[in-house]
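This report concerns only the one structure given below.
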Amino acid sequence: MNSLSQISAITMMNLHNLPARIGSSLVIVVGIAGVVAVLVAILSMAKGFEATLQGSGSPDRAIVLRGGSTSEMASSLSSQQTNLISTKPGILNTDKGLLAAKETYVIADIRKRANNSPANMPMRGVDQNSFEIREEVEIVEGRNIEFGRFELIAGIKAADQFQGIDLGSELNIRGAAWKVVGLFEAGGGIYESEVWVDNVVLRQNLKRGGGSNSLFVKLESPADFDVFEQALQDDPQLETNVLRESTYYAAQSVSTTAMITNFGYAVGIIMAIGAIFAALNTMYSAVSARSVEIATLRALGFGQVPIVISVMVEALALAMIGGLIGATLAYLLFNGYTASTWGGTFSQVSFDFAVTPELLTRGITWSCLLGLIGGLFPSITAARQPITVALRGM
Amino acid sequence: MSDTLIEVSNVSKIYQRGKMDVPVLESLNLTVDQGDFLALMGPSGSGKTTLLNLIGGLDVPTSGSIRIGSENIDQLSQGQLATWRSRNVGFVFQFYNLLPVLTASKNVELPLLLTGLSGKERKKRAQAALSVVGLEDRANHRPAELSGGQEQRVAIARAIVSDPELLVCDEPTGDLDRTTADEILELIQLLNKDYGKTVLMVTHDPKAADHASHSLHLDKGRLIEAQPA
Ligand SMILES: Nc1ncnc2c1ncn2[C@@H]1O[C@H](COP(=O)(O)OP(=O)(O)OP(=O)(O)O)[C@@H](O)[C@H]1O
Ligand SMILES: [Mg+2]
């Protein structure tokens, strides 16, 4: 018994029949294309977000927060504390002194360029060392702020996104007018979604006194983190929470990434259930329309397994076409698409959707699975139908 | 010196319709000799198709045994039965049951896909079978491009292409006009006489039965020998 030629004969017959059933076959293709496109798009959002946040941190930098705080916004440090922290071992010492920067992180109300909707813009008060610590920050238009003035530089993603961030214009935030003097890049990381001003000016404007939210430091090397952390812990005058910058942003991204990913799968699964029913329905009617043909083949001696396989092949072929279309759509529409506004600690993060090869593969794998499920039951039903009953053509 | 090809012993067939038993054949006995052309007649619903399907190995009896040649086919598994059918039985149906997407030649080739024959050899044999039924010039036509009589000839070519001993025909002329029906019946008769096929044919048509070497009547699940016309 030559089962391969059996399978190919029946499959050929089924596929030849496809044009006659183009309408119902499209149901599978379109249904599955939709599932894959949506799934891949949402997962690419999570991927892009994750990549942006994880790319923001460096292991040889540390952020010191008040003990018990896990985010900058919820932290505050006095000048006394930051001065004390700055004396600890592990901090890189250059001709510009010890690389520690007092920074303040606040949210400013602003409107989006795209749809005029209100949004929260992250605003960071920085000092001179902030630029020494973050070598990736580079002014790409205009100039850097002059300390002591109401001047502002904006990350390119923030400038893209928010109204009023135009070189030379003034931005009114909390009763003060900030002059936009420059735009900067930060290696694609999260800082590009922020605007930066002089920490001292900012805190005066907010009437917050001389402290800061956090202290960023550059370590002598990534390995010196432990020394630095130990020194902070050993000091009874200090109650701090110190993290590597990379750890800090990775941790910030985890819950949001997981949330987007879970959301993606939840939507994907709901849509997949719909697509499976559509596929089942299509394949059931496809095999029932051919039940006499299938019974005839079986009367001639064709086996049940080749029949099951050939029906599965058809469902799989349709599903894969759908999967490819869906993945291509997701890629064309969403790869590199910039999104923003993500809740959580980061009021406003801009990031690019990343439709990676891995996600495309995942989408197409899903389409194959859906095709297999959609084809399995109808194919088994077709193969198990008693020959004599099917031959009666009822 | 006629050998018995088919021996149906004490065969009953009870269908299940929901929870109800539908007895169709009861303790039926029948022997058919090698080279016979037997017509099976009887009122609608009497169980002719049921009996034919049992002998052709498309279904299994509820009880009793069926021997075809040296094989007790009621003892075979589904898979074994499929293989047995492919080697020993040719089927001819009332509505031809050709695959519409395949050409006449490809339809005839179908049973040969179950053998180890090369594509070239399959084609050759399909062509030969088509010339037996007088349709060698229609090899590349699809069923939709053929008349009913021609379709039935293709189906007959398909039934004989793997050279089975037994031809099982369920109302082969039931869907054809008189003239075409007679041509088909003559073809079947030819296969019986010149090619030595044992033929079992169900028919409602007394004139069709005339082509057979003898006829049996099935009534209420029992067989009665008919008088030769
Ligand atoms: N799968 C089945 N389940 C239940 N009953 C069945 C089944 N197949 C056939 N029957 C019943 O068995 C009886 C005999 O059917 P069968 O098809 O063998 O009759 P027939 O003599 O071929 O009739 P016809 O001349 O109309 O073709 C009928 O009453 C039919 O309804
Ligand atoms: Mg019948």
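Basis for what follows: all heavy atoms, side chains included, without hydrogens, waters or symmetry-related copies. Remember, it's a predicted structure, so these values are computed and weren't measured experimentally.
If you measure heavy-atom distances from B:Tyr96 to chain A, you find no contacts under 4.5 Å at all. In this structure, the portions of A:Leu300 lying under 4.5 Å from any heavy atom of chain B include both its backbone and its side chain. Contact of B:Phe95 with chain A is not made at all, since no heavy-atom distance falls under 4.5 Å. If you measure heavy-atom distances from B:Asn53 to chain A, the contacts under 4.5 Å come from the side chain alone. For A:Arg290, no part lies under 4.5 angstrom from a heavy atom of chain B. For B:Gln78, the part sitting under 4.5 Å from any heavy atom of chain A is the side chain, from C-beta outward, and nothing else.
Heavy-atom minimum distance, B:Val161 versus B:Val108: CG1-O, 3.3 Å.
For the pair B:Leu167/B:Ile160, a side-chain contact is recorded, criterion being any heavy-atom separation below 4.5 Å from C-beta on. Annotation: side chain of B:Asn10 is not in contact with side chain of B:Ser65 (no heavy-atom distance under 4.5 Å). The shortest distance between side-chain heavy atoms of A:Glu314 and A:Thr282 does not fall below 4.5 Å. Contact check for B:Thr203 versus B:Leu40: no side-chain heavy atoms found under the 4.5 Å cut-off.
With hydrogens and angles disregarded, no donor-acceptor distance shorter than 3.5 Å links the side chain of B:Arg67 to the backbone of B:Glu7.
In terms of heavy-atom pairs under 4.5 Å with chain A, the best-connected choice from B:Leu102, B:Val101, B:Thr50 is B:Val101.
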